Amino acid sequence: MASDGFRPLDEKSLVEYIKSTPSLLSILGKQFDNLEIKEVGDGNLNFVYIVVAPSGSIVIKQALPYIRCIGESWPMAKERAYFEATALKEHGRLSPEHVPEVYHFDRTMCLIGMRYLEPPHIILRKGLVAGVEYPLLAQHISDYMAKTLFFTSLLYLNTTDHKRAVAEFCGNVELCRLTEQVVFSDPYKVSEYNRCTSPYLDADAEAVRNDNGLKIEVAELKSKFCERAQALIHGDLHTGSLMVTQDSTQVIDPEFSFYGPMGFDIGAYIGNLILAYFSQDGHADQANDRKSYKVWILKTITETWNLFHQKFLALWDEHKDGPGEAYLPEIYNNTELRQLVKQKYMKELFEDTLGFGAAKMIRRIVGVAHVEDFESIKDVAKRADCERQALSCAKKLLKERRTIKSIEEVISTIEQVQLQ
């Protein structure tokens with residue numbers, strides 16, 4: 001393992017590493033007596049250290065050549081750190097307010113040094129489980145998605161630059177394959193990795209595996225995920241990949257990033273908000289019935305899409321005479337035609353968002369990796385009820401995504417399922 005120069009760092013060797021790295025020293029200063037190091041990787045894949053010195057703080061993330069929570073029996077390309085660092089830098093350039101700054105990247109050591117998001121930043125998913133409202137969340141995440149997706153697509157880039165960027169990220173094949181397996185394959189067959197809230201959802205999981213209509217839709221989504229290099233997507237944009245406060249929203253962990261369909265990012269995020277919505281009844285108690293919080297989640301879903309739609313089209317209008325080669329101005333040369341093109345583009349993006357969002361919801365209920373929103377519901381029967389509603393909603397959205405015209409209709413679908 002060490003022959004290529006890579007070695008996993010522990011707390012002691014990390015200090016030596018920092019001392020020999022000028023870009024990290026410039027943030028932390030040279031007082032090592034009062035250095036605090038805490039390992040916080042909650043750990044499926046990586047080591048994550050928070051390093052705090054009197055004059056500054058950083059996060060160090062190191063990728064291991066295997067899945068940490070399983071061990072060396074499940075190898076995993078440690079080069080994923082390169083794609084994470086590259087995506088952080090690119091998305092950070094496009095949306096600096098919402099992506100932590102990268103101070104240092106060491107390709108040999110598969111190590112990223114970046115800005116520490118100090119307290120009270122917490123993982124958004126934990127905030128949703130706790131019932132905390134974030135008034136600027138929809139504004140911030142729509143801004144991040146509009147900028148990162150627009151500026152890395154052919155609406156803004158010429159085909160040469162776009163192809164070059166696609167080729168660069170094609171190397172992230174292993175994590176793409178992992179997504180293909182856990183999102184588009186495993187939930188629809190018998191797999192040793194699948195699990196569900198058994199025995200309550202055994203029949204529901206079997207129904208997913210026997211649903212021909214669902215399988216046909218998922219095959220189409222898998223094809224799009226594998227074949228459509230639309231923009232540089234985060235690739236794992238769920239509520240566990242955001243750190244938030246009342247006035248800050250930061251997107252982290254883009255190690256799954258590659259050039260893929262835009263709707264995969266938007267859908268993953270909105271799908272996870274829908275999961276949070278359906279979990280709320282399991283967190284309700286006498287002190288708080290969570291009803292007003294559920295209203296806030298639905299409002300946030302609506303605002304997220306509507307603001308994204310508005311900002312994305314505003315960027316398109318602003319750069320209509322720019323270098324983008326998708327719709328050349330000399331061809332799309334009248335207002336009516338440009339309007340038609342935009343409507344068609346956004347309609348397809350909305351359908352992709354619903355399809356991918358629903359697929360991500362299904363995998364979180366009957367696939368390998370579940371979400372804390374449901375898992376933290378202690379009453380197992382109650383948890384299964386919440387999950388069953390979410391699963392029912394996901395199947396409906398997946399199959400009916402072409403006939404749903406607006407985000408308001410999505411909200412109606414969610415509310416109808418909840419009433420059943």
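All of these numbers come straight from a predicted model, not from anything done at the bench.
With Asn288 contributing its side chain and Ala284 its backbone, the two residues share no donor-acceptor pair below 3.5 Å. Ser376 contributes a side-chain N or O that, together with a main-chain N or O of Glu372, makes up a donor-acceptor pair within less than 3.5 Å. When atom types are taken as modelled, the side chain of Ser241 and the backbone of Leu237 share no donor-acceptor pair closer than 3.5 angstrom. When atom types are taken as modelled, the side chain of Ser412 and the backbone of Glu408 share a donor-acceptor pair closer than 3.5 angstrom. Put simply, the side chain of Thr403 gets close to the backbone of Glu400: a donor and an acceptor are under 3.5 Å apart. Judged by distance alone, with hydrogens and angles left aside, the side-chain atoms of Asp143 form no donor-acceptor pair with the main-chain N or O of Gln139 at under 3.5 Å. A distance-only check finds a donor-acceptor pair linking the side chain of Gln62 to the backbone of Arg7 [under 3.5 Å]. Looking only at distances, a side-chain donor or acceptor of His98 sits under 3.5 Å from a matching main-chain atom of Thr249. Here the side chain of Ser95 pairs no donor or acceptor atom with the backbone of His91 at under 3.5 angstrom. Under the 3.5 Å distance criterion, the side-chain polar atoms of Gln280 are left unmatched by any main-chain donor or acceptor of Tyr293.
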### Query
Given Asn172 and Arg80, is the side chain to side chain donor-acceptor pair (under 3.5 Å) satisfied, shown in steps?
CA-CA 6 Å; Asn172 205 8; Arg80 63 187 182 273; over 6 Å; no
### salt bridge (charged side-chain N to carboxylate O under 4.0 Å, His left out) assessment of Asp385 paired with Arg388
CA-CA 5 Å; Asp385 283 344; Arg388 186 176 290 111; 3.4 Å; yes
### Task
Go through the steps to decide whether Glu168 and Tyr259 satisfy the test side chain to side chain donor-acceptor pair (under 3.5 Å), and finish with yes or no.
CA-CA 9 Å; Glu168 173 87 344; Tyr259 270 74; over 6 Å; no
### Task
Kindly indicate, with the supporting measurements, whether the criterion ring pair (Phe, Tyr, Trp, His ring centres under 6.0 Å) is fulfilled by Phe258 and Phe83.
CA-CA 8 Å; Phe258 75 112; Phe83 299 106; over 10 Å; no
### Message
Walk me through whether Ser185 and Lys222 qualify under side chain to side chain donor-acceptor pair (under 3.5 Å).
### Response
CA-CA 9 Å; Ser185 299; Lys222 183 176 185 176; 2.9 Å; yes
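Look at Lys382 and Asp281 and you find no salt bridge, because none of the NZ, NE, NH1 or NH2 atoms lies under 4.0 Å from a carboxylate O. Ion pair Arg363/Glu180 not flagged as a salt bridge, since none of the NZ, NE, NH1 or NH2 atoms sits closer than 4.0 Å to an Asp/Glu carboxylate oxygen. Of the charged side-chain nitrogens involved, none lies within less than 4.0 Å of a carboxylate oxygen, so that Arg383 and Asp379 do not count as a salt-bridged pair. Taking a cutoff of 4.0 Å between a charged side-chain nitrogen and a carboxylate oxygen, Arg195 and Asp186 do not qualify as a salt bridge. Remark: Asp373 does not engage Arg364 in a salt bridge, criterion side-chain N to carboxylate O under 4.0 Å. Note on Asp161 versus Arg164: salt bridge recorded, some NZ/NE/NH1/NH2 to OD/OE distance being below 4.0 Å. Contact check on Lys78 versus Glu174 returns no salt bridge, with no Lys/Arg side-chain nitrogen under 4.0 Å from an Asp/Glu carboxylate oxygen. Look at Arg93 and Glu90 and you find a salt bridge, because one of the NZ, NE, NH1 or NH2 atoms lies within 4.0 Å of a carboxylate O, short of that distance. A salt bridge is absent between Lys399 and Glu351; no separation between the charged side-chain nitrogens and carboxylate oxygens falls under 4.0 Å. A salt bridge links Asp352 to Lys224: one of the charged nitrogens lies within less than 4.0 Å of a carboxylate oxygen. Ion pairing between Glu84 and Lys61 holds under the 4.0 Å rule for side-chain N and carboxylate O. Between Arg401 and Glu220 a salt bridge is recorded (basic side-chain N to carboxylate O distance below 4.0 Å).
Across all non-hydrogen atoms, the minimal contact from Pro120 to Thr245 is C-CG2, 3.8 Å. Minimum interatomic distance between Ala359 and Phe184 (heavy atoms only, all atoms of both residues): CB-CE2, 4.4 Å. Nearest heavy atom pair, residue Ala87 against residue Leu232, reads CA-CD2, 4.5 Å. In terms of heavy atoms, Phe308 sits closest to Ser142 at N-CB, 3.5 Å. Across every non-hydrogen atom of Thr148 and Leu94, the tightest pair is CA-CD1, 4.1 Å. Considering every non-hydrogen atom in both Leu313 and Lys342, the closest pair reads CD2-CD, 3.8 Å.
Within 6.0 Å of NZ on Lys215 lie more than 12 heavy atoms contributed by other residues, nucleotides or ligands. More than 12 heavy atoms of other residues, nucleotides or ligands sit less than 6.0 Å from atom CZ of Arg402. Counted within 6.0 Å of NZ on Lys396, heavy atoms from surrounding residues, nucleotides or ligands total 12 or fewer; the atom is thus considered open. For NZ of Lys344, the number of neighbouring non-hydrogen atoms (other residues, nucleotides, ligands) closer than 6.0 Å is 12 at most. Sparse packing is recorded around CD of Glu336, with 12 or fewer heavy atoms of other residues, nucleotides or ligands lying under 6.0 Å away.
With rounding to the nearest 0.5 Å, the separation of CG in Asp204 from CD1 in Ile365 is 9.5 Å. Expressed to the nearest 0.5 Å, how far CE of Met145 lies from CD1 of Ile233 amounts to 12.5 Å. Taking OH of Tyr188 as the reference point, atom CG of Asp211 lies at 9.0 Å (rounded to 0.5 Å). A distance of 11.0 Å separates CG in Asp317 from CZ in Phe312, rounded to the nearest 0.5 Å. Remark: Leu242 CG to Ile141 CD1 distance equals 4.5 Å, nearest 0.5 Å. Going from atom NZ of Lys89 over to atom CD1 of Ile112 covers 8.5 Å, rounded to the nearest 0.5 Å.
A heavy-atom distance below 4.5 Å is found between the side chains of Val132 and Gln246. The closest side-chain heavy-atom distance from Ile407 to Thr304 is not below 4.5 Å. Val99 is listed as a side-chain neighbour of Leu88, based on a closest heavy-atom distance under 4.5 Å. The shortest side-chain heavy-atom distance between Ser248 and Gln250 falls under the 4.5 Å cut-off. The shortest side-chain heavy-atom distance between Pro100 and Ile252 falls under the 4.5 Å cut-off.
Checking Phe150, Tyr156, Tyr327 one by one against Trp316, the ring-ring contact (aromatic ring centres under 6.0 Å, His included) holds for a single residue, Tyr327.
Classified by interplanar angle (parallel below 30°, tilted 30° to 60°, perpendicular above 60°), the ring pair Phe356/Phe264 is perpendicular.
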